Each structure stands twice: as C-alpha cells, then as structure tokens.
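Keep in mind that what you see is a predicted model, and the values were worked out from it rather than measured. Order of the sequence lines fixes the chain letters, A, B, ..., with proteins taken first and strands second; residue numbering starts at 1 for each chain.
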Amino acid sequence: MSDTLVQISNAVIEGRVKDAPGLTHNALQAGLTAKDILDKGLMPGMDVVGAEFKKGKKFVPEVLLSARTMQASLDILKPLLAEAGAKMTGKVVVGTVKGDLHDIGKNLVGMMLEGSGFEVVDLGKDVAPEKFVDAVKKEKPNIVAMSALLTTTMRSMGHTVTALKEAGLRDAVKIMIGGAPVTADFAAQIGADAYAPNAPAAAELAKKFVSA
Amino acid sequence: MESKLIGRKTEVLIGPDLPTVIIGERINPTGKKKLAEALRAGDMDYVRQLALTQVEQGAQVIDVNVGTTGVVEEVVLPRAVEMVADATGLPVCIDSPDEKALPAALKICGGKPLINSVNGEEASLARVLPLVKEFDASVIGLTMDDDGIPDTAEGRLRVAEKIVERAAKLGIGPERILVDCLALTVGADHRAALTTLTAIRLVREKLGVNLALGASNVSHGLPDRETVNGYFIAMAIAAGVNCPIVDPGKARESVVVADLLTGRDEWSQNYLAHYRAAHPES
Ligand code: B1M
Ligand SMILES: Nc1nc2c(c(=O)[nH]1)N[C@@H](CNc1ccc(C(=O)N[C@@H](CCC(=O)O)C(=O)O)cc1)CN2
C-alpha cells in the first residue's frame with residue numbers, strides 16, 4: 001500500500017483533522033483516485049477506530065474526532081467521486097425516530113457508514129414515519145437505519161416499518177435499528193431486518209446487506 | 001426560597017443555604033440488566049433493595065424510573081413507587097415521560113412528591129402542570145422546549161422563565177419548580193458542561209429558584225465516569241445546584257465536600273460524620 005494512504009489511515013485513526021486536507025491533496029497529486037483514497041485510506045482507518053471503540057480502547061470523543069477527520073477528506077473527494085461516477089458501497093437513509101431528539105448515537109452510525117463507503121442521507125432527529133417513506137421514494141436507498149433512545153419512542157420504529165409496508169416499499173429496502181433500549185427481539189417483533197448494538201456493528205451489517 | 005417535599009415518614013427541605021439534597025438515581029433500568037429483568041418479572045424486591053441501599057448511602061429523595069422494553073409503565077411505575085415510598089418513608093421523584101403512568105403513580109404515592117419532569121414544550125406544560133396542581137406536588141422543569149435544548153445559557157434561562165410563569169398561572173409557586181439546566185455529555189461537545197454551569201448561575205441569580213441536575217449525564221462515552229462526575233457535581237453545587245440526581249454511593253463524598261466548601265455545613269458536622277463513617281476505627 002502506498003505511503004500516502006497509510007498516512008491518511010493514520011490521520012483518521014489519530015483524529016488529526018488538520019492534516020486531512022493536505023494529505024488528501026498529496027494523494028490526488030500522486031495520481032491516486034478519489035475511490036482509492038476512500039477505499040484504501042479512509043475506510044481502513046475507520047475500521048480500526050470502530051474496532052478499538054468496540055473493545056473499549058477508544059472513547060466517544062475520539063471516534064467523533066476521527067469521523068471529523070474522515071469528513072475533512074471526504075469534502076474534497078465527494079465532488080470527484082460524483083464526477084467519476086464511482087460506485088459507492090450502497091446508500092443508507094438514517095434518522096432518529098419521531099419524538100426523539102437523541103442524535104449523538106445516530107450521528108456516529110452515519111459516520112461509520114460513510115467510513116465504510118456508503119452514501120448517507122441523514123434525515124436528522126424527530127423523523128416521522130411519513131418522512132422516512134418520502135425519503136425512500138426519493139433517494140431509493142438500499143437500507144433504512146433508525147435510532148431511538150427512549151422506550152416511549154421505540155414504537156415509532158414499528159410505525160415506520162408499517163408505513164413502509166403500506167407504501168409498498170417494504171421489500172425495496174433492508175431495515176436496521178439500534179439505540180440503547182433497542183434489542184434484537186424488538187427488531188424481530190416489529191418486522192425490522194436486524195438490530196445493531198453499536199455503530200461499528202451497524203456498518204458491518206450494512207456491508208452484509210448490500211453484498212448479500 | 002425553600003422547597004418542601006413530603007414522604008410517608010420524612011419531610012425534606014431544599015434551599016440555597018441548606019445542605020445539598022441527593023436524589024438517588026439508581027432505580028433506572030437503562031444499562032442495568034438485572035434491574036430491567038426484575039422490573040419485567042414484576043419483582044419489586046430488587047427495587048426495594050436499591051432504594052434502601054441508596055438511603056444508607058445518603059440519598060434523601062429516591063428517583064424511580066422503570067422505562068425499559070417489556071415493561072408497561074402504567075402498571076409497573078405505581079407498584080415501584082408504592083414499594084419505595086413504603087420502604088423508605090422518603091419523598092419519591094417520579095421519573096417518567098409516560099402520560100398514563102405518571103397520574104397512576106401520583107394517585108398511590110401520597111405526600112408531596114417530586115414529578116420528573118415538565119419542560120417548555122406546549123404539550124408537556126399542558127399535560128404535566130395540572131398534575132402538579134392536582135397532587136400538590138413539586139416538579140423538575142427541564143430547560144428545553146419545542147425547539148430542543150438551547151445552546152446558550154440565556155436560552156435555557158428563557159425556558160426556565162416560561163415554565164415558572166406558566167406554573168404561576170395555575171397557582172403553582174416558584175418554590176415548587178426545581179429547574180434542571182440539563183447536563184449533557186462533554187464527550188460529544190467539549191463546551192457542554194460549561195454552558196450548563198453558566199445557565200445554573202444565571203437561573204439562580206435571575207429566578208432564585210432551587211435547582212436539580214442529572215449530573216451523571218455529563219460523562220457518557222468517557223472512561224472513569226465516577227471521577228468526571230465527582231468534580232462536575234462539586235462545580236455544579238458551587239454554581240447553585242441544590243438537589244442533584246446522582247448515585248449516592250459514588251457521589252456522596254463530592255456532595256459533602258462541596259457543601260463544606262460553600263458554607264452549607266456548619267461546624268463541618270456533615271463532613272466529619274462522613275469521615276467517621278468511612279474510617280470506623282479512627
Ligand atoms: C441501525 O441503526 C442503529 C444502530 C445502532 C445505533 C443506532 C441506530 N442508534 C444508536 N446506536 C448504537 O450505536 C451508538 C454508538 O455505538 C450507540 O448510541 P447511543 O446513543 O446509545 O450512545 C451515544 C454514542 C452516547 N449516548 C448518548 O448520546 C445518550 C446519553 C444520554 C445521557 C442522554 C442524552 C445525551 C440526552 N438526553 Co436523554 N439521554 C439518555 C442517555 C443515557 C444513556 N444511558 O443512554 C437517555 C436516553 N435519556 C433519557 C430521557 C428520559 C431523556 N433524555 C432527554 C434529553 C436528552 C438530551 C437532549 C439532554 C441529550 C441528547 C443530546 C443529543 N443531541 O443527542 C429527554 C427526552 C428528549 C427527547 N424527546 O428525545 C428526557 C426525557 C429528559 C430526561 N429526563 O433526561 C433516558 C431514557 C429513559 C427511557 N427509559 O426511555 C436516558 C436513558 C437517561 C436515563 N438514564 O434516564 C448505540 O446505542
Ligand atoms: N430531571 C432529570 N432527570 C433525569 C436525568 C436528567 O438529566 N434530568 N437524567 C437521568 C439521571 N439518572 C441517570 C441514571 C443513570 C445514569 C447512568 O449513567 N447509568 C449507567 C449505568 C450505571 C450502572 O451500571 O450502574 C449507564 O450506562 O446508563 C445516568 C443518569 C434520568 N433522569
């Protein structure tokens with residue numbers, strides 16, 4: 001692997017936001033494509049960060065800083081990726097469900113997905129079932145990822161699944177859910193496809209969904 | 001301004017010059033498998049045990065939150081509140097966003113409990129304040145509204161003012177509102193705690209009300225939370241919080257020392273009692 005790519009990976013792992021644009025430009029000048037930088041620099045970096053977080057060796061602020069670093073590089077790469085028509089891993093619509101304002105976990109999930117090469121459409125927080133349905137119509141994602149942190153808002157996840165069914169879109173997408181009170185049983189109960197306990201697991205699941 | 005909560009056996013006074021009142025946070029199933037399972041099984045014995053342990057550790061009010069999957073709050077909350085009120089004799093802090101569970105728990109609680117919580121959202125004000133009035137309760141007022149949590153201390157003050165004004169319209173005095181300026185995790189925003197501390201000072205100065213705070217929120221996502229929480233609790237008390245919602249087993253020392261250093265512990269009596277309890281042979 002090229003030296004620049006290793007440097008980019010390390011910058012992501014160590015959360016050196018300031019270094020990201022320079023390193024990205026260097027890599028482009030050295031003739032690497034935007035897709036290479038994403039696949040072989042940013043993504044392996046985020047993989048390491050995700051694994052360390054799962055092991056309890058990295059903590060939330062460090063993950064956020066790594067994600068910020070990746071973002072700084074992606075800002076430069078995105079237009080190039082679009083221009084080249086590079087094929088992303090897939091597309092995910094993410095959002096925190098209706099009545100729920102907790103978005104830190106959802107943001108981490110979105111960042112990990114981007115770090116795995118997904119195009120992420122973030123609907124924000126307090127997202128009603130109809131909004132998920134509209135977004136699925138408009139964006140045609142492979143996956144819908146919902147987050148809820150309150151026992152009182154979890155049921156809104158079920159409502160979204162139902163709304164997607166009623167709109168005839170249920171089979172067009174995979175649905176995964178997560179958040180502190182959510183369980184695998186609950187996912188099965190509401191007819192979602194899967195539950196992810198944390199952000200790295202959500203990214204792994206998403207990869208499985210699109211490769212299946 | 002003094003706030004009074006009344007339990008089945010004990011009255012608790014909260015005021016700026018009085019020792020800090022600990023609201024024990026541990027009856028809350030988030031992140032606690034054993035409690036979640038006990039609640040699902042309807043086993044109130046573990047709830048009782050958690051309540052009594054916290055009393056031993058220095059809690060004077062017990063927060064009761066039973067929100068987890070597989071628990072119908074409307075059924076379980078009144079049972080848990082009854083158990084805690086009965087076993088401890090202390091005032092209970094009824095912590096539930098569930099519309100039906102809250103009145104059901106208030107009906108059996110008796111005394112003058114603390115409702116956790118109302119906020120500046122129109123729907124919340126309309127739903128919770130009439131319950132405060134009907135049951136002669138006090139209430140924690142969260143400084144957030146339909147637009148979320150204000151990023152600034154001034155914004156949080158405005159929500160606190162709104163809650164106090166709306167309560168006054170129903171004949172609920174400001175001494176029955178305990179404002180919570182909202183502790184958010186510094187793990188996600190490095191200025192989060194600073195904003196909260198500034199808001200606490202501002203609300204204390206402008207409204208003179210008593211102040212609650214879910215202080216343990218401050219450390220989510222960080223290692224060694226106990227240390228971070230301990231320093232934050234002391235800073236929050238110095239800024240004006242007088243009834244933090246915390247784990248008394250872990251936070252008691254910070255509370256006692258903060259009281260000692262802010263003129264709330266005459267002749268160091270509480271500090272010395274705490275010292276002797278921790279060093280029985282000396
Ligand atoms: C596939 O899709 C996926 C996959 C994985 C997914 C996923 C989606 N979403 C998450 N994951 C997973 O991946 C993430 C990273 O690995 C993880 O995400 P998490 O979100 O779990 O983790 C984050 C990285 C860090 N964690 C967090 O960000 C949440 C931390 C705690 C302390 C928390 C916070 C910060 C807040 N809160 Co609130 N808050 C609490 C939380 C306590 C807790 N134990 O969780 C909780 C969730 N809050 C609670 C409550 C009650 C409330 N909160 C409220 C408000 C807030 C703040 C706004 C102050 C703030 C949120 C700020 C924000 N911008 O998000 C109020 C409600 C507002 C509303 N309508 O939503 C309020 C009602 C007020 C109150 N009394 O505290 C409790 C819920 C109780 C319950 N049983 O429902 C609570 C558990 C605290 C407690 N112990 O009582 C995984 O869950
Ligand atoms: N008015 C008001 N009420 C509140 C909060 C608030 O802000 N304001 N926030 C909460 C305060 N109580 C807690 C209880 C537990 C934790 C906590 O952090 N628990 C660990 C588990 C601890 C354990 O295992 O013992 C966890 O990971 O979730 C944090 C705040 C709930 N009630």
For M144(B), I'd like to know if atom CE has over 12 heavy atoms of other residues, nucleotides or ligands within 6.0 Å.
yes

For G221(B) against F59(A), the heavy-atom pair lying closest together:
O-CB, 3.3 Å

Taking CZ in R127(B) as the centre, count heavy atoms belonging to other residues, nucleotides or ligands within less than 6.0 Å. Is the count above 12?
yes

Side chain, backbone, both or neither: which part of S96(B) has a heavy atom under 4.5 Å from chain A?
neither

Check whether any side-chain heavy atom of M154(A) sits under 4.5 Å from a side-chain heavy atom of T69(B), and report yes or no.
yes

In Å, rounded to the nearest 0.5 Å, how long is the span from CG of D98(B) to OG1 of T151(A)?
8.0 Å

Look at atom NZ of K165(A) and say whether more than 12 heavy atoms of other residues, nucleotides or ligands are closer to it than 6.0 Å.
yes

Return yes when atom CZ of R16(A) has more than 12 non-hydrogen atoms of other residues, nucleotides or ligands closer than 6.0 Å, and no otherwise.
yes

Counting only heavy atoms not in K208(A), do more than 12 fall under 6.0 Å of its NZ?
no

Quick one: closest heavy-atom pair of T152(A) and P97(B), and the distance?
CG2-CG, 3.9 Å

CD1 of I104(A) to CG of D189(B), rounded to nearest 0.5 Å, is 8.5 Å

In terms of heavy-atom contacts, does CG of D146(B) have more than 12 from other residues, nucleotides or ligands at under 6.0 Å?
yes

Work out which heavy atom in L222(B) is nearest to a heavy atom in P61(A); give both atom names and the distance.
CD2-CG, 3.5 Å

